[in-house]
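Throughout, protein chains are lettered first and strands after them, A, B, ... in sequence-line order, and every chain is numbered starting at 1.
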Amino acid sequence: MKDERTLVEGCQNKDRVSQRTLYERFAGRMFAVCQRYTRSNFEAEDVVQEGFVKVFSQIHAFRYDCPLEAWIKRIMINTAISYLRKEKAYLNQADIEECSDYISDAETPISILAYQQLLELVRELPTGCQSVFNLYAIEGYQHSEIATMLSIAEGTSKSQYARAKQILQAKVLGEQKTTNNLNR
Amino acid sequence: MASSEENNFEESWKKAFENSNELPPTSVWDKIEARLDANDNRIVIIPFWQRWQTFASIAAASIAVLFVLLGDVWFSETTPVVNKKEMINIPSSQKLDLSEQVIPKEKSIISPAQKNEKIAIISLKKSSPTFSDIKTRRNESFEKLPLSVSKIEKNVVKNDPNVAFRKKKNGNEPATNKSLVNTPKNMSKPFDETPSELVEIVQSTDDDIADLSILSLSFLEIKQMHSLIGLTKRQPWVTYQVVSDEQKVTQVPSKQYWTSVSFLPASYNAGVIIGEKLSTGGTFGAAKPTVVYNSVPSDARANRAAFSYALQWHGGVQLAQRWSLETGFNYLQGNSIFEATNGFNVFTNSYINNLEAAVSASDNNKQVYSLSSVNTDKAQVQPLSTTQNIDNSYQFLQIPLQAGYALVKPKKKFSVWLLGGLVNNIFLRNSFKSGQERTVVLNGNNPYQRLSFSASSGLRFQYKMNKHWTSQLTGTYQLALGNATKQTAAFEAYPQLLGLGAGLRYGF
């Protein structure tokens with residue numbers, strides 16, 4: 001297996017074999033990332049395609065100062081956000097006052113659910129909530145950073161996350177009840 | 001909610017998606033590969049036309065740019081440029097002084113590697129790689145080129161203290177970025193070439209450094225911009241460009257191009273003079289004054305100006321702070337009134353006037369009216385003691401070429417320009433009333449020259465409304481440079497125009 005530096009250098013030289021190798025190495029994980037930010041696999045495929053084209057066109061700028069996977073993932077997330085921005089998914093987002101009352105203190109046992117079920121729950125979130133949830137809970141960005149990335153107010157980011165959390169908790173509990181009933 | 005619970009929520013979701021992996025369909029790679037192939041074969045075209053909405057605008061802008069560029073080329077060819085051989089022509093004694101002052105002879109050591117680097121610079125200069133050329137060469141590594149360029153720069157500056165000397169001597173620093181090209185104080189390994197060779201090297205390397213510095217600056221900008229994508233710090237939407245103070249200071253204001261449309265209400269005087277040629281032995285020298293030419297030859301006083309107008313479309317370039325050059329197209333509808341003397345054509349039993357007769361008699365020397373029996377009872381045309389005012393109208397396509405000088409510098413919103421230049425008048429059409437109140441139209445075979453010239457002068461007041469748009473008010477006076485009719489014509493015309501036009505100008 002080619003090491004990372006050799007792979008990057010090959011891609012910088014536009015070696016198609018290296019590009020294919022890099023794609024195959026990271027496509028699965030990147031597709032999973034894109035699935036979380038989009039509503040369907042078709043959209044996720046579009047984002048992955050656009051993201052990898054960006055990766056190969058910008059690979060000369062990679063400086064080895066972070067893991068290659070993190071660098072590619074960052075491009076994928078940015079591409080996904082750009083995609084959603086084009087779709088005007090961030091319009092009409094509610095601010096924190098509207099949603100702050102819905103925050104639940106209940107602990108959510110998501111371990112009982114399979115990956116695909118969780119993915120579907122995330123995808124069913126409203127688009128703004130979905131992105132904020134992914135960026136805050138999964139990627140670990142701060143609300144101020146998310147606000148900059150999505151061109152929204154920081155308060156809106158917080159409210160969207162609170163709303164996403166409330167929706168997910170409710171849905172997970174619902175799924176849990178359904179599972180328990182089936183087991184009985 | 002307790003923070004531990006909050007963290008549990010996020011941690012559990014993060015853990016659930018942490019190592020998720022799902023392969024996309026194989027068609028995704030096929031599409032990516034197709035995109036990569038397309039990108040490799042793509043020719044970059046600057047889509048400047050995207051800013052224009054209609055084809056008419058594109059055509060108009062293209063013509064404007066063409067004229068402006070022609071004017072620019074003409075101007076640049078007539079503008080003295082810096083003589084690059086100036087340094088080479090320094091007397092030999094001065095060259096010796098140069099080498100002795102700056103480079104002690106005993107320290108003149110140059111390694112073969114350094115010589116190779118200088119050769120590399122010169123060859124790089126000859127091949128003149130532009131940034132766009134390099135950018136499109138995707139097969140080459142972006143990493144290597146800027147590094148090697150900056151390395152060469154450093155070595156040249158290190159090994160060539162004459163660059164610094166020449167900067168001081170000419171007071172004309174090349175566009176190098178000091179932050180990129182650092183000259184250590186202790187680096188003074190001079191050449192061992194003869195003084196003349198040394199001067200040539202100074203000349204060539206100095207220019208090369210300017211070019212290469214621009215090149216490496218561009219690469220640095222690219223590096224800074226692209227490196228953001230790979231930053232570990234989470235600020236992916238923040239981009240920046242570092243513009244040093246030195247760069248800001250050394251920025252030279254570029255030429256500003258503009259196009260304008262305006263409407264020019266004007267008074268136009270055709271300046272028709274009938275009979276001058278007759279009395280001075282011109283085309284019909286044998287003849288004497290008749291009604292055809294009027295018993296008393298008409299002069300400019302027989303003409304009166306009438307309301308006219310011109311539609312103007314100009315393009316221009318501001319060459320310097322005070323100087324501009326412009327050209328374009330004017331459609332001129334020139335209306336004037338001619339006080340004609342009436343006559344009666346006994347052969348055709350019809351009334352005529354001297355303007356009609358003069359025009360008819362000017363048809364390529366083919367006389368319509370017999371002049372053999374003028375002022376006799378048997379004359380073909382008998383004069384009448386009446387006059388009539390004839391509407392005498394012209395249409396011209398004008399192509400002005402004029403220079404402008406700013407009386408009030410265009411530093412702020414308001415500026416005043418003095419204009420002067422030449423106008424090419426392309427004759428399109430002339431019409432007037434005959435003695436029978438018929439309208440005579442002349443456009444093809446006519447006594448007027450197809451191309452005549454006028455001198456133009458004017459005063460323009462400009463008010464800059466915003467970055468691109470400027471309103472302008474222009475007073476214009478045009479005076480014919482010579483007779484506007486053909487040599488064979490039986491009359492002459494010296495048209496004049498005085499107008500005050502208003503328009504809008506768009507700066508690019």
Side-chain angles (χ1 to χ4, degrees), chain A residues 9 12-14 16 19-20 23-24 27-33 35-36 41 44-45 48-49 52-54 56-58 60-66 70-71 74-75 77-78 103-105 107-111 113 115 118-119 122 133 136-142 145 148-149 151 165 168-169, chain B residues 1-40 42 135 137-146 219 222-238:
Chain A
E9 286 175 357
Q12 286 173 341
N13 292 325
K14 303 204 171 185
R16 192 50 49 82
Q19 289 175 333
R20 178 74 189 257
Y23 170 79
E24 287 174 346
R29 272 168 280 177
M30 296 308 129
F31 187 62
V33 169
Q35 279 180 318
R36 281 192 279 113
N41 278 0
E45 287 169 20
V48 164
Q49 178 193 328
F52 269 104
V53 169
K54 282 185 184 174
F56 292 131
S57 64
Q58 307 292 332
H60 60 272
F62 181 62
R63 294 282 174 270
Y64 306 99
D65 51 4
C66 68
W71 186 76
R74 190 187 196 87
I75 290 180
I77 292 171
N78 288 345
I103 297 174
S104 169
D105 291 341
E107 190 176 348
T108 313
I110 66 168
S111 56
L113 299 177
Y115 167 76
L118 294 174
L119 179 63
V122 172
F133 172 78
Y136 186 82
I138 314 296
E139 320 297 349
Y141 286 92
Q142 298 301 311
E145 294 172 317
T148 308
M149 291 168 77
S151 302
K165 190 172 176 180
L168 286 174
Q169 284 173 333
Chain B
M1 179 168 45
S3 62
S4 59
E5 286 176 356
E6 201 172 325
N7 290 336
N8 282 339
F9 176 83
E10 287 143 14
E11 285 300 323
S12 57
W13 280 94
K14 193 172 184 178
K15 198 174 178 181
F17 287 115
E18 202 166 31
N19 295 316
S20 55
N21 193 328
E22 185 172 337
L23 281 175
T26 52
S27 61
V28 173
W29 169 251
D30 295 337
K31 289 175 184 173
I32 292 170
E33 195 170 25
R35 290 272 302 273
L36 293 173
D37 289 338
N39 285 350
D40 289 346
R42 188 174 59 190
K135 192 179 176 185
R137 267 183 239 155
R138 306 245 177 201
N139 291 328
E140 296 177 9
S141 167
F142 276 85
E143 285 294 319
K144 293 175 182 176
L145 188 54
F219 274 107
I222 288 296
K223 285 177 182 178
Q224 289 164 356
M225 190 169 66
H226 293 324
S227 64
L228 282 174
I229 297 167
L231 282 176
T232 51
K233 194 175 179 182
R234 290 169 176 170
Q235 291 181 345
W237 298 103
V238 180

Where do [X] and [Y] come nearest, in terms of heavy atoms and distance?
{"X": "B:E22", "Y": "A:A32", "value": "N-CB, 4.3 Å"}
{"X": "A:Y23", "Y": "B:P25", "value": "OH-O, 4.1 Å"}
{"X": "B:A16", "Y": "A:L118", "value": "CB-CD1, 3.4 Å"}
{"X": "B:I32", "Y": "A:V48", "value": "CD1-O, 4.4 Å"}
{"X": "B:W29", "Y": "A:R16", "value": "CZ2-CD, 3.9 Å"}
{"X": "A:A137", "Y": "B:K14", "value": "O-CB, 3.9 Å"}

Proximal component of [X], with respect to chain B [non-hydrogen, under 4.5 Å]:
{"X": "A:Y64", "result": "neither"}
{"X": "A:R36", "result": "side chain"}
{"X": "A:V122", "result": "side chain"}

Chain B contacts, top residue of A:Q49, A:R29, A:E24 (heavy-atom pairs, under 4.5 Å): A:Q49

Rounded distance (nearest 0.5 Å) linking atom CD of B:E33 with atom CD of A:Q19: 8.5 Å

Chain A contact via B:E18 - side chain, backbone, both or neither, heavy atoms under 4.5 Å: neither

Test item: B:R35 and A:F52 side chains (from C-beta on) under 4.5 Å apart, heavy atoms: no

Sub-4.5 Å side-chain heavy-atom contact between A:I138 and B:W13: yes

